[in-house]
Amino acid sequence: MFGSRGQGSYREAMTKLDDRPTTAPAAVAASTSRIDVDWLGEYLLGTWADARRAAMALAGKPEFQRQDDLTLAEQRQRVLGQLGGLVKDGMVHRAFPVSVGGLDDHGGNIASFEQLVLADPSLQIKSGVQWGLFGAAVLHLGTERHHQKLLPAIMSLEVPGAFAMTETGHGSDVAAIGTTATYDKAAGEFILNTPFRAAWKDYLGNAGIHGKAAVVFAQLIVDGVNHGVHALYVPIRDDKGFLPGIGGEDDGLKGGLNGIDNGRLHFSGVRVPRENLLNRYGDVDENGVYSSPIASPGRRFFTMIGTLVQGRVSLDGASTLASKLAMHIAITYGSQRRQFVAGSPTDEEVILDYQRHQRRLLPRLATTYAMSFAHEKLLTAFDGVFSGARASDADRQDLETLAAALKPLSTWNALDIIQEAREACGGNGFLAENRLTQLRADLDVYATFEGDNNVLLQLVAKRLLTDYSRRFAGADAGALAGFVANQVNEAAVNRTGLRQFAQNVRDFGSTARSVGYVRDTDSQRQLLTDRVHSMVATLGGRLRAASKLSALEAADLFNQNQNELIEAARAHGELLQWEAFTEALDGVHDPGTKQVLTWLRDLFGLGLIEKNLAWYLINGRLSGQRAEAITSYIDDRLLPRLRPHAVDLVAAFGLKPEHVRAPIASGAERERQEEAREYYRELRASGTAPVDEKRARA
Ligand SMILES: Cc1cc2nc3c(=O)[nH]c(=O)nc-3n(C[C@H](O)[C@H](O)[C@H](O)COP(=O)(O)OP(=O)(O)OC[C@H]3O[C@@H](n4cnc5c(N)ncnc54)[C@H](O)[C@@H]3O)c2cc1C
């Protein structure tokens, strides 16, 4: 089967499948460049290739995969059982300290864990709740005493647990949650209370039925002072049900991820010992005195939240994998499915040979590659911080900004890619057996949890503005205006810069020169970078007045610019993806592979520019001629060049039949098509074929 690397079977399978285009001469010319699929597959597996391979082997086993015909209760029970299987395998313990039986391997942990999405997103997310949220909160917010006492039972699943941060009333604004943990000095205990209905904890994985404990986030009140949100370890259930003072509800059926028992919790006078406070960033001593290594409550809160960034990192990876799966299914099917005769009187066209079909799928394939390379960079940054190898304050901030920029893009992209793949497979795409509808339903909420996408992008925008204002604090309007020009210079990397802009007029009329400009790497970088810098500079200029306004007026001013702020952050994230793709090209040495990946990177970069052509034209960054050249270069050059390599490009994702599990991508469509064609061939040869009405009349 294609995609099964290391078995020497790929070329053979390709020859048999013959999924290459039947038309498009430009494409045939382009097919002289060949991709080294086996090498590319390895390259895509990245730094943690072994961890990924092991997890993929596990995700390929039927006992870890989703079964469609189960009731809600059965699904939840099955996924809980699968978590037990993961414990036996040991893969989920990688991130935990060696002192409690883990491997202290942070990058490898995420790389393997995200592969579970191929088996069942519910399995990925439920194990994420247990070990990536509940366990990770004890690990990163707790100290040695918690590690030794609590982690072994969490790692072994003896204590399934919930990560109880969100409340019905506050999800994005965690700092405003209502749950309180008030210190009782005499008893040496914290008392947890839920003051009103909106402060019920909500949507918590494992809280519906399976959770026996929870890490509960609450306002920590000591001696009448609120020290802000802190986390406490709280037992919630035994075999008979909720413990005294604890109540809750099952969230019931959801729009996806129904293998997980999400639920609500509330607390009435629930007492836990002082030692249950996860005290890495804030503690209460025997005398009832609060202390923290971080003086500023705001910084303390963001530091605590920052330790939990791994959820965002893994969602970025899982969305990328789900996109690879969707692309594999749609491109395999599209290269076998035939519909309508066009050039030939007898042979119907393969649907991926239609330009529109290529326009729908190939740019999304390019995006998937960009997501994959960007994710590798994110994972490397994550591992650097959590292993301690590159863990300065600046490294941490960069990691958080990178995660906040990439997670929204990849989760949104995945939904778009899966939906387009679904439609590209026609009616077959809608059948549950072909997985795309369920995959989309399960991934839907990835855009919301671990930080709502629109809210995360605002964090990115804030960082962009902070960097900007640090550089230009006190600058006058003239200096600000100069900033735009300077940034353009920098963006140009001193090769294409303003000089190129000046050529806009001169190359007017020459399509060839315009094409030469838009496909150049430096021009793409310049255009993408310039857009981000200009947007940030414009916003920075507008928001500079805020410091002189009242709080109300400043908030108003900020709100008037909020949409553009989010757009600037999105543009920044897209630039990071493009840079990651471009940097990845440096590691490709086989000329054929490099050529094809460069076309694919061009398709990604030019696709981003094309999407924002209005901005480039309005702001005078592209001439009409060059703007037009972008669209025609995509349609006339890149799509036909890439079409012959589409099957190779998805084969490099390395998904085997046990990962794909979609009958339409199994080769069955090709067999059906061949049977039908053979039937008509024989009929024509027999001379007994009925003559059609028009010919009969003639
Ligand atoms: C299936 C599922 C599982 C979950 N698992 C857990 C879990 O295990 N533990 C846990 O603690 N939580 C969990 N959550 C909660 C999740 O993290 C929150 O739902 C999420 O943070 C969003 O919060 P919210 O639902 O209150 O939405 P809100 O914050 O109310 O957002 C609603 C909408 O308003 C927009 N919005 C909000 N603020 C702004 C703003 N300032 N500017 C512009 N727009 C804004 C958002 O973009 C969003 O579209 C889960 C949620 C779901 C659905």
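We count ligands from 1, going down the list as the structure has it; atoms in each ligand are counted the same way. The residues of the chain are indexed from 1 along the displayed sequence.
Using a 4.0 Å cut-off between charged side-chain N and carboxylate O, Lys126 and Asp261 make a salt bridge. A salt bridge between Asp105 and Arg94 is present, with a side-chain N of the basic residue lying under 4.0 Å from a carboxylate O of the acidic one. Using a cut-off of 4.0 Å between Lys/Arg side-chain N and Asp/Glu carboxylate O, Asp398 and Arg396 are scored as not salt-bridged. With respect to Arg76 and Asp250, a salt bridge is recorded, a charged nitrogen being found less than 4.0 Å from a carboxylate O.
Looking from atom 24 (P) of ligand 1 to the surrounding protein, the closest heavy atom is Gly171 CA, 3.8 Å. Protein heavy atom closest to atom 2 (C) of ligand 1, with residue, atom name and distance, is Phe449 CD2, 3.7 Å. Closest to atom 8 (O) of ligand 1 among all protein heavy atoms lies Gly205 N, 3.2 Å. At the shortest separation from atom 47 (O) of ligand 1 among protein heavy atoms lies Asp452 OD2, 2.4 Å. The nearest heavy-atom contact from the protein to atom 22 (C) of ligand 1 is Thr448 CG2, 3.8 Å.
Near Gln562, meaning under 4.0 Å from any of its heavy atoms, are these atoms of ligand 1: 40 (C), 42 (N), 43 (C). Residue Met165 approaches ligand 1 through these ligand atoms, each under 4.0 Å from one of its heavy atoms: 11 (O). Close approach of ligand 1 to Asn454 is summarised as follows: ligand atoms under 4.0 Å from at least one heavy atom of the residue are 47 (O). If you number the atoms of ligand 1 from 1 as listed, the ones under 4.0 Å from a heavy atom of Leu204 come out as 7 (C), 8 (O), 9 (N), 10 (C), 11 (O).
By the definition of a contact as any protein heavy atom under 4.0 Å away, atom 28 (P) of ligand 1 is in contact. Shown here, atom 33 (C) of ligand 1 is out of close reach of the protein: none of its heavy atoms lies under 4.0 Å off. In this structure, atom 13 (C) of ligand 1 has protein heavy atoms in its sub-4.0 angstrom surroundings. The presence of a protein heavy atom under 4.0 Å from atom 6 (C) of ligand 1 is confirmed.
On a distance-only criterion, Phe163 and ligand 1 share at least one N/O pair closer than 3.5 Å. Between Val455 and ligand 1, a contact under 3.5 Å exists for no N or O pair. Considering backbone and side-chain atoms together, Ser172 places an N or O closer than 3.5 Å to an N or O of ligand 1. Looking at Gln458 next to ligand 1, an N or O pair under 3.5 Å apart turns up.
The residue among Leu308, Thr166, Val129, Val445 with a heavy atom at the shortest distance from atom 11 (O) of ligand 1 is Thr166. Selection from Tyr446, Tyr203, Phe217, Phe134 by nearest heavy atom to atom 4 (C) of ligand 1 gives Tyr203.
If you check the side chains of Glu114 and Gln124, you find no donor sitting under 3.5 Å from an acceptor. In summary, the side chains of Glu553 and Ser550 do present a donor paired with an acceptor at a separation below 3.5 Å, with no hydrogens or angles considered. Side chain to side chain, Asp556 and Gln560 fail the donor-acceptor criterion of an N or O pair below 3.5 Å. If you check the side chains of Thr168 and Arg197, you find a donor sitting under 3.5 Å from an acceptor. Inspection of the Thr143 and Arg280 side chains reveals no N or O donor paired with an N or O acceptor under 3.5 Å.
Between Tyr446 and Phe449, the ring planes lie tilted relative to each other; the angle falls in the 30° to 60° range.
Other residues, nucleotides and ligands contribute over 12 non-hydrogen atoms within 6.0 Å of the CZ atom of Phe242.
The side-chain heavy atoms of His140 and Phe386, taken from C-beta on, include a pair separated by under 4.5 Å.
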